[in-house]
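Report on one structure; see the data block that follows.
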Amino acid sequence: MGSSHYNLFTPAFSTMEDSDDDMPELSSHALAALQEFYTEQQENDAINTSQELQTSYFGLVQEDWQLSQFWYSDETALQLAKEAIAAAGKGGRIACVSAPSVYQKLKDLKCEDYYACVLEYDKRFSVYGEEFIFYDYNYPLNLPKRIEQHSFDIVIADPPYLSDECLGKTAQTVKYLTKGKILLCTGAVMEDAAASVLGVKMCKFIPRHTRHLANEFRCYANYDCGLDLILEYQNLQD
């Protein structure tokens, strides 16, 4: 409750002269103060509800198979996010192209040492504000003017379909965005095509999904990727 212009300990009732029961009635001053209180309460409730709604969306947008969305497992999303952070460097910029579950993990980590955005067809991700960029791979360079060429330290991409056409168009976007580093997640069957259009090599690290997929998925990179070092360390531990 904000400031109000009455004293709670001052009698706030006047007597109704024509009432047989002589029932007390709130004075106009008290009514105004009470109305102010209720208005402030409603405004506060609206603000709290809005904040809770916004918070509930972070990391909770569910996959939609109709949009060819298949979320990574929590462990895979975390490892990919950490790799992107390490590759971008302190104060780096990360673009997630059709890789929303990695972006959501980056948001979950709540680190201020990097900037991340998500290029995604699914408009549910608009809850992330200006960090959401509507993206249709059919129009690979149809991007907002504020997205400058070669302005991201690393681009992580996961084309929604296992086809040369989809990969080729996504590659145009990736090449436009990246300063150099590329981390690609797609099917193992796309290895030759990925090497041809993006110059990436298959990593030993194998991404996992929350649901079983018929196609084998792999990671590809055009730089010395730390994911393989993590895998080697885990093997040594085992």
Quiz item: Is the side chain of Lys169 donor-acceptor paired with the backbone N or O of Leu141 at a distance under 3.5 Å, no angle test?
Solution: no
Quiz item: Between Tyr135 and Asn142, do the side chains contain an N or O donor and an N or O acceptor separated by less than 3.5 Å?
Solution: no
Quiz item: What is the distance from atom CD of Glu165 to atom CG of Asn138, rounded to the nearest 0.5 Å?
Solution: 6.5 Å
Quiz item: Which atom names give the shortest non-hydrogen contact between Ala88 and Ile94, and what distance separates them?
Solution: CB-CG1, 3.8 Å
Quiz item: Are Asp158 and Pro160 side-chain neighbours, meaning at least one heavy-atom pair lies under 4.5 Å?
Solution: no
Practice problem: Taking all non-hydrogen atoms of both residues into account, name the closest pair between Cys219 and Leu80 and its distance. | Solution: SG-CD2, 3.9 Å
Quiz item: Applying the 4.5 Å side-chain criterion to the ILVMFWY set and letting contacts propagate, would Val97 and Tyr161 be lumped into a single cluster?
Solution: yes
Quiz item: Where the side chain of Asp228 meets the backbone of Phe205, is there a donor-acceptor pair that is under 3.5 Å apart?
Solution: yes
Quiz item: Does Arg218 pair with Glu216 as a salt bridge, N-O distance under 4.0 Å?
Solution: yes
Practice problem: Using modelled atom types only, decide if a donor and an acceptor are shared between the side chain of Glu83 and the backbone of Gly226 within a distance under 3.5 Å. | Solution: yes
Quiz item: Between Thr170 and Thr173, does any side-chain donor sit less than 3.5 Å from a side-chain acceptor?
Solution: no
Quiz item: Any idea which heavy atoms bring Leu162 and Phe217 closest together, and the distance?
Solution: CD2-CZ, 4.3 Å
Quiz item: Is the NZ or CZ atom of Lys123 positioned over Phe134's six-membered ring, under 6.0 angstrom from the centre and within 45° of the axis?
Solution: yes
Quiz item: So, for Ser101 and Tyr72, which heavy atoms are closest and what is the spacing to 0.1 Å?
Solution: OG-CD1, 3.1 Å
Exercise. Any chance you could measure Glu112, atom CD, to Lys90, atom NZ, to the nearest 0.5 Å?
Key: 11.0 Å
Quiz item: Between atom CE of Met190 and atom CG of Leu198, what is the distance when rounded to the nearest 0.5 Å?
Solution: 10.5 Å
Quiz item: If you look at every heavy atom in Ala84 and Ile154, which pair is closest and at what distance?
Solution: O-CG2, 3.6 Å
Quiz prompt | For Ala194 against Leu167, the heavy-atom pair lying closest together | solution = N-CD2, 3.7 Å
Quiz item: Can Leu184 and Asn222 be said to form a side-chain contact (heavy atoms from CB on, under 4.5 Å), step by step?
Solution: CA-CA 9 Å; Leu184 175 72; Asn222 68 341; over 6 Å; no
Quiz item: Is Lys107 paired with Glu131 through a side-chain N to carboxylate O contact shorter than 4.0 Å?
Solution: yes
Quiz item: Does Tyr103 have its ring centroid less than 6.0 Å away from the ring centroid of Tyr128?
Solution: yes
Side-chain donor/acceptor pairs under 3.5 Å, residues 176-183, sequence neighbours excluded:
from: Tyr176; atom 1: OH; to: Ile147; atom 2: O; distance (Å): 3.2
from: Tyr176; atom 1: OH; to: Gln149; atom 2: N; distance (Å): 3.4
from: Thr178; atom 1: OG1; to: Gly180; atom 2: N; distance (Å): 2.8
from: Thr178; atom 1: OG1; to: Lys181; atom 2: N; distance (Å): 3.2
from: Thr178; atom 1: OG1; to: Lys181; atom 2: O; distance (Å): 2.8
from: Lys179; atom 1: NZ; to: Asp153; atom 2: OD1; distance (Å): 3.3
from: Lys181; atom 1: NZ; to: Ala87; atom 2: O; distance (Å): 2.8

Quiz item: Would the number of heavy atoms belonging to other residues, nucleotides or ligands and lying under 6.0 Å from CD of Glu148 be above 12?
Solution: no
Exercise. Enter the distance from Leu78:CG to Leu109:CG here, rounded to the nearest 0.5 Å.
Key: 6.0 Å
Quiz item: Has Asp224 got more than 12 heavy atoms of other residues, nucleotides or ligands less than 6.0 Å from its CG?
Solution: no
Quiz prompt | Val102 side chain reached by Gln79 side chain, heavy atoms, under 4.5 Å | solution = no
Practice problem: Could you tell me whether the side chain of Ser98 and the main chain of Glu120 form a donor-acceptor pair under 3.5 Å? | Solution: no
Practice problem: Taking the side chain as every heavy atom from C-beta outward, state whether Ile85 and Leu106 have any pair of such atoms under 4.5 Å apart. | Solution: yes
Quiz item: Side chains of Lys105 and Asp74: closer than 4.5 Å at any heavy-atom pair?
Solution: yes
Exercise. Report the distance from atom SG of Cys185 to atom CD1 of Ile156, rounding to the nearest 0.5 Å.
Key: 5.0 Å
Quiz item: Between Tyr115 and Phe152, is a side-chain contact (heavy atoms from CB on, under 4.5 Å) present by the stated rule, with each step listed?
Solution: CA-CA 9 Å; Tyr115 167 82; Phe152 289 88; 4.1 Å; yes
Self-check item: Side-chain donor/acceptor of Arg93 to backbone N/O of Ser151, under 3.5 Å
Solution: yes
Quiz item: Hey, what do you get for NZ (Lys201) to OH (Tyr223), rounding to the nearest 0.5 Å?
Solution: 14.5 Å
